[in-house]
Amino acid sequence: MAVLLLNAGSTSLKYQLFSDGGEVIKRGGSSRVKDFDQAFSQIIEELEFIGEITAIGHRVVHGGDHYQRPTIINDQVIDYLESIVNLAPLHLPFNLLGVRLAAEHWPNLPQVAVFDTAFFANLPTVAKTYALPLDLATEKHWHRYGFHGLSHAYLTHAAADELNKKLEQVNLIICHLGGGSSISAIQAGKAIDISLGWSPTAGLPMMTRCGDLDPGLLLTIIEDLPGPVNEQKINQVRDLLNKQSGLCGLCGYDDFLDILTARQHGETRAAAAFDYFVYRLVHYIGAYWAILGGKVDAIVLSGAIGAGSLDLRQALANKLSGWCSASLLAMPTNEELAMFREIKKLGL
């Protein structure tokens with residue numbers, strides 16, 4: 001018996017197959033998908049001679065205000081997720097596509113949604129709230145959701161194990177650094193703050209997302225772009241903030257390895273983008289250090305940039321050396337294992 005975990009992104013469709021005991025039987029998929037039906041057919045072929053699959057889990061980026069635990073997918077769940085696509089327009093449509101493709105091929109298997117926002121569902125009010133008119137914000141669900149929760153949850157457990165401490169004993173600053181980046185503050189094993197906000201665009205500058213932005217500047221951007229304010233212009237602004245900005249907007253490279261190479265070759269814009277990213281990292285780490293009262297067991301660096309770049313870790317260590325007493329832990333994340341653990345709680 002096995003549990004299949006599907007992770008569908010805007011340009012990727014990956015999977016891992018876990019045994020009932022939690023061992024990886026097989027993994028695969030593609031990070032450069034152009035035809036999702038074809039990519040899914042390839043996964044079916046790869047799993048053709050595998051034994052019985054008992055359940056299918058899906059990473060779903062957003063659970064809104066309704067779903068905070070692993071949930072068996074039915075029509076009601078799908079209808080709700082379709083109603084909140086505007087909360088994560090770059091991700092939810094592809095999550096739902098993965099659900100549809102799996103349901104077509106395995107119509108009799110239970111499918112489970114595991115939500116990336118769940119780990120941050122119980123943030124303290126002071127961290128979750130925006131200073132907007134309270135009644136309107138409550139009605140519209142305008143508050144911090146946080147994302148990358150599966151990664152932050154896995155890394156919290158993994159760091160506690162590495163430090164030989166119980167989960168409720170660890171205070172951490174976790175840096176998930178990749179194409180999308182986020183930093184969380186963990187107190188006694190629970191999330192108390194996260195750099196991502198109502199959308200995955202907030203917080204750190206990412207490879208193509210701008211990160212934190214003055215809302216007054218956003219209004220000016222909308223005004224300055226030509227044409228009336230309509231759906232076309234809003235989509236143009238959304239594309240500007242999510243696909244043309246971040247480190248790519250600063251130096252022209254949308255891959256951190258390319259930035260490192262260009263920096264080593266003396267390209268000033270690449271070097272400036274690298275320095276800017278380090279600066280913003282230190283900015284958030286310093287803020288969360290203060291929120292945790294300086295009681296931090298470790299700063300965890302993960303993701304393709306965090307765990308994968310020695311240059312970044314050395315630059316960050318140099319910036320923190322004068323005041324930071326916590327250890328730096330470079331750890332790979334495992335969102336699929338976090339998903340598997342959540343699904344097993346349902347007894348499937």
Side-chain angles (χ1 to χ4, degrees), residues 116 118-124 126-128 144 146-197 202-206 211-212 247 256 260 273-335 337-338 341:
D116 224 6
F119 187 61
F120 303 109
N122 296 312
L123 288 175
V126 290
K128 194 170 187 175
R144 187 177 304 280
F147 302 90
H148 299 156
L150 288 164
S151 177
H152 287 270
Y154 172 83
L155 291 166
T156 299
H157 284 81
D161 290 343
E162 179 72 18
L163 297 166
N164 198 27
K165 288 191 172 188
K166 294 180 179 178
L167 188 65
E168 61 271 19
Q169 293 177 325
V170 293
N171 291 349
L172 305 165
I173 297 173
I174 296 180
C175 307
H176 170 106
L177 309 177
S181 294
S182 58
I183 302 185
S184 67
I186 308 296
Q187 187 172 60
K190 295 182 179 180
I192 63 168
D193 211 338
I194 173 69
S195 60
L196 295 173
L204 292 169
M206 304 171 221
D212 289 338
L247 302 186
F256 200 73
L260 292 178
F274 178 89
D275 291 344
Y276 180 73
F277 188 66
V278 173
Y279 176 85
R280 296 300 296 170
L281 275 172
V282 174
H283 175 93
Y284 267 100
I285 290 171
Y288 289 166
W289 184 276
I291 287 171
L292 291 166
K295 298 177 181 179
V296 179
D297 297 297
I299 297 172
V300 180
L301 302 172
S302 191
I305 297 174
S309 171
L310 180 59
D311 287 359
L312 186 282
R313 296 201 302 276
Q314 289 177 336
L316 184 59
N318 290 338
K319 291 290 186 181
L320 300 178
S321 61
W323 56 271
C324 176
S325 57
S327 60
L328 291 179
L329 297 180
M331 308 183 75
T333 193
N334 193 330
E335 293 172 324
L337 181 54
R341 290 169 175 167

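Computed from a prediction, not measured in an experiment: that's the story for all the values here.
- For the pair Ile183 and His152, the tightest heavy-atom approach, listed with the atom from each and the gap, is C-CE1, 4.1 Å.
- With rounding to the nearest 0.5 Å, the separation of CG in Leu312 from CG in Leu260 is 7.5 Å.
- Judged purely by atom type and a 3.5 angstrom limit, Gln314 has no side-chain atom pairing as donor or acceptor with the backbone of Asp311.
- Nearest heavy-atom pair across Gly197 and Phe147 is O-CE1, 3.5 Å.
- A distance-only check finds a donor-acceptor pair linking the side chain of Ser302 to the backbone of Thr333 [under 3.5 Å].
- Arg341 places a side-chain heavy atom less than 4.5 Å from the side chain of Tyr154.
- Between the side chain of Asp116 and the backbone N or O of Leu150, at least one donor-acceptor pair lies under 3.5 Å.
- Of all heavy-atom pairs between Leu292 and Ile186, the closest is CD2-O, 3.7 Å.
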Where do Leu328 and Arg313 land on the side chain to side chain contact (heavy atoms under 4.5 Å, CB included) test, with the steps shown first?
-> CA-CA 8 Å; Leu328 291 179; Arg313 296 201 302 276; 5.8 Å; no
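- Other residues, nucleotides and ligands contribute more than 12 heavy atoms inside 6.0 Å of the CG atom of Asn318.
- Minimum heavy-atom separation, Ile173 to Trp289: CD1-N, 3.8 Å.
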Verdict with supporting geometry, Ile299 and Leu329, side chain to side chain contact (heavy atoms under 4.5 Å, CB included) | CA-CA 6 Å; Ile299 297 172; Leu329 297 180; over 6 Å; no
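- For Asp297 (side chain) and Ala326 (main-chain N/O), no donor-acceptor pair under 3.5 Å exists by modelled atom type.
- Here CG of Asn171 is found 13.0 Å from NZ of Lys190. Values are rounded to the nearest 0.5 Å.
- Taking both residues in full, the closest heavy atoms of Thr156 and Ile174 are given as OG1-CD1, 3.3 Å, listed atom of the first, atom of the second, then distance.
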Ile305 and Phe277: CA distance, side-chain angles, deciding distance, side chain to side chain contact (heavy atoms under 4.5 Å, CB included) verdict = CA-CA 11 Å; Ile305 297 174; Phe277 188 66; 4.1 Å; yes
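- One distance of note links CD of Glu162 with CG of Leu172; it measures 11.5 Å at 0.5 Å rounding.
- Between Asp193 and Ser184 there is no side-chain heavy-atom pair separated by less than 4.5 Å.
- When all heavy atoms of Ile192 and Leu123 are compared, the closest pair comes out as C-CD2, 3.5 Å.
- Counting only heavy atoms from C-beta outward, the side chains of Met206 and Leu247 never approach each other to under 4.5 Å.
- Annotation: side chain of Leu316 is in contact with side chain of Val282 (closest heavy-atom distance under 4.5 Å).
- The 12-atom threshold is exceeded at NZ of Lys128, counting heavy atoms of other residues, nucleotides or ligands nearer than 6.0 Å.
- Residues Met331 and Leu301 fail the side-chain proximity criterion, which asks for heavy atoms closer than 4.5 Å.
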Any chance you could lay out the side chain to side chain contact (heavy atoms under 4.5 Å, CB included) test for Leu177 and Leu281, step after step, and finish with the verdict?
-> CA-CA 10 Å; Leu177 309 177; Leu281 275 172; 3.8 Å; yes
Going through the distances and angles, do His148 and Phe119 end up as a ring-ring contact (aromatic ring centres under 6.0 Å, His included)?
-> CA-CA 9 Å; His148 299 156; Phe119 187 61; over 10 Å; no
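- The structure places CZ of Arg280 at 10.0 Å from OG of Ser195, a figure rounded to the nearest 0.5 Å.
- Only one option out of Leu204, Ile285, Val300 pairs with Cys175 in a side chain to side chain contact (heavy atoms under 4.5 Å, CB included); it is Ile285.
- Looking only at atom types and distance, the side chain of Asp212 has a donor-acceptor partner in the side chain of Tyr284 under 3.5 Å away.
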